[in-house]
2 protein chains.
Amino acid sequence: MALDLRRPERAFTIRQLCLEFKCTPRALRFYEDKGLLAPARQGLNRVYSYKDRAQLQLILRGKRVGLSLAEIREILQLYDKEDGGAAQNAKALRRFKERIIAFEQRREDIDLAIAELREASERLENLLAKVRPDLLPGDGEFLPPPHTVAYPRHV
Amino acid sequence: MALDLRRPERAFTIRQLCLEFKCTPRALRFYEDKGLLAPARQGLNRVYSYKDRAQLQLILRGKRVGLSLAEIREILQLYDKEDGGAAQNAKALRRFKERIIAFEQRREDIDLAIAELREASERLENLLAKVRPDLLPGDGEFLPPPHTVAYPRHV
DNA sequence: TTCCATCTTGACGTTAACGTAACCCTGAAT
DNA sequence: ATTCAGGGTTACGTTAACGTCAAGATGGAA
């Protein structure tokens with residue numbers, strides 16, 4: 001059986017993570033420069049722990065929903081500093097709640113967008129059904145996995 | 001009673017739209033350059049119709065959920081070309097469905113992010129409740145509207 | 001040993017999405 | 001008559017988020 005990725009002692013090279021998450025070494029080093037990642041070293045080489053991998057997941061997810069690296073870093077720092085004194089924690093709590101509200105607004109936007117696209121799709125489907133039913137995707141037919149990347153790498 | 005914004009004959013100056021949507025004239029002209037907007041003219045001056053205004057809404061919403069202007073333009077063009085022949089329509093239909101799937105994935109990401117932030121908030125709240133209950137926002141207290149912009153203008 | 005793949009650190013190039021400055025026009029107000 | 005607020009068009013500057021070399025260390029395979 002394959003190595004459990006979640007084994008805390010599991011370590012990754014930069015390339016392994018890049019393959020897994022479809023990004024480039026340059027990007028990971030860039031995130032490190034900007035303070036979003038801090039992998040260990042073996043000599044010069046970077047060694048990513050399971051925690052680093054999880055953090056990378058958060059970074060990429062943040063990017064997909066439109067956060068800038070600066071915003072992502074701020075959130076990650078809030079996670080890190082669950083020490084730092086009660087006053088700091090109170091501030092962190094406020095920031096978390098603000099973020100939650102912002103995210104909920106974004107989800108609103110997404111839901112609206114989806115609704116509009118669905119409407120447009122239906123209009124088109126009805127129109128095609130009358131004019132060229134043969135062009136409609138058959139009933140039992142599945143959409144092939146889109147070749148176009150869902151989340152374009154270039155922002 | 002105020003002018004109904006939805007009156008089809010209602011027209012807007014560039015500044016009116018900018019005030020309403022909190023963006024700059026430069027941005028609107030830029031979107032026009034890029035083919036996302038095409039307001040009418042009175043002499044040199046741009047005159048935005050109600051349709052233009054609606055389209056601007058779509059553009060800004062797209063931006064908030066992380067789309068590039070190029071992607072937004074592509075979507076807008078799909079809307080425009082609900083003519084263009086049956087084959088074109090079939091292609092448009094496919095693109096719409098792809099977009100819907102992509103949006104649904106993004107919503108997944110957002111839901112995950114919200115869930116994590118909620119967890120972190122609860123942890124912090126519990127911690128604070130033990131250590132410094134006075135720092136917690138009181139029960140009847142409302143969060144003030146965040147001064148920080150939910151959607152930073154600079155991408 | 002030599003080669004090769006894979007890592008490293010600079011450093012410069014690139015693209016998107018505007019900001020900003022310079023200059024011109026125009027109609028209304030002082 | 002002039003001032004000025006609002007609009008316009010270049011055109012260059014800026015920032016984020018990397019891409020793309022260049023040049024070097026390293027450790028295993030031929």
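Hydrogens, waters and symmetry mates are skipped; everything else that's a heavy atom, side chains included, is used. Letters go in sequence order (proteins before strands), and every chain restarts at 1.
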Subject >> Sequence neighbours excluded - ring-ring contact (aromatic ring centres under 6.0 Å, His included) pairs with any residue from residues 64-89 of chain A >> reply: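 Applying ring-ring contact (aromatic ring centres under 6.0 Å, His included) to every pair that reaches into residues 64-89 of chain A, excluding sequence neighbours, yields A/Tyr79-A/Phe96.
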Can you tell me the distance, in whole Å, between the [atom1] atom of [X] and the [atom2] atom of [N]?
| X | N | atom1 | atom2 | value |
| --- | --- | --- | --- | --- |
| B/Lys34 | C/dT15 | NZ | C1' | 9 Å |
| B/Phe12 | D/dG6 | CZ | C1' | 18 Å |
| B/Gln42 | C/dC25 | CD | C1' | 15 Å |
| B/Phe30 | D/dG8 | CZ | P | 17 Å |
| A/Tyr31 | D/dA17 | OH | P | 8 Å |
| B/Lys63 | C/dA17 | NZ | P | 7 Å |
| B/Leu67 | C/dA16 | CG | C1' | 14 Å |
| B/Lys22 | C/dG19 | NZ | P | 15 Å |

Original post:
Who are the side-chain hydrogen bond (donor to acceptor under 3.5 Å, both in side chains) partners of B/Glu108, not counting sequence neighbours?
Top reply: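 side-chain hydrogen bond (donor to acceptor under 3.5 Å, both in side chains) list for B/Glu108, sorted by chain: empty.
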**OP:** Return the set of residues passing side-chain hydrogen bond (donor to acceptor under 3.5 Å, both in side chains) with A/Glu122 (not counting sequence neighbours), or none when no residue passes.
**Re:**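 Residues passing side-chain hydrogen bond (donor to acceptor under 3.5 Å, both in side chains) with A/Glu122: none at all.
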Subject >> With A/Phe30 via ring pair (Phe, Tyr, Trp, His ring centres under 6.0 Å) - residues at least two apart >> reply: none
Subject >> Non-neighbouring partners of B/Phe21 that pass ring pair (Phe, Tyr, Trp, His ring centres under 6.0 Å), sequence neighbours left out >> reply: none
Original post:
Taking only N and O in the side chain of B/Thr24, is any of them less than 4.0 Å away from OP1 or OP2 of C/dG19?
Top reply: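 True: B/Thr24 side-chain N/O within range (under 4.0 Å) of C/dG19 OP1/OP2.
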Just the atom pairs and distances: protein N or O near nucleotides 7-10 of chain C's N or O, under 3.5 Å.
unit_1, atom_1, unit_2, atom_2, d
C/dC7, OP1, A/Thr13, OG1, 3.3
C/dC7, OP2, A/Arg15, NE, 2.2
C/dC7, OP2, A/Arg15, NH2, 2.9
C/dT8, OP1, A/Arg46, N, 2.8
C/dT8, OP1, A/Arg46, NH1, 3.0
C/dT8, OP2, A/Arg29, NE, 3.2
C/dT8, OP2, A/Arg29, NH2, 2.8
C/dT8, O5', A/Arg46, NH1, 3.2
C/dT9, OP1, A/Arg41, NH1, 3.1
C/dT9, OP1, A/Arg41, NH2, 3.1
C/dT9, OP2, A/Arg46, NH1, 2.8
C/dT9, OP2, A/Arg46, NH2, 2.8

Original post:
If only atom types and distance count, is the side chain of A/Gln77 paired as donor or acceptor with the main-chain N or O of A/Glu74 below 3.5 Å?
Top reply: no
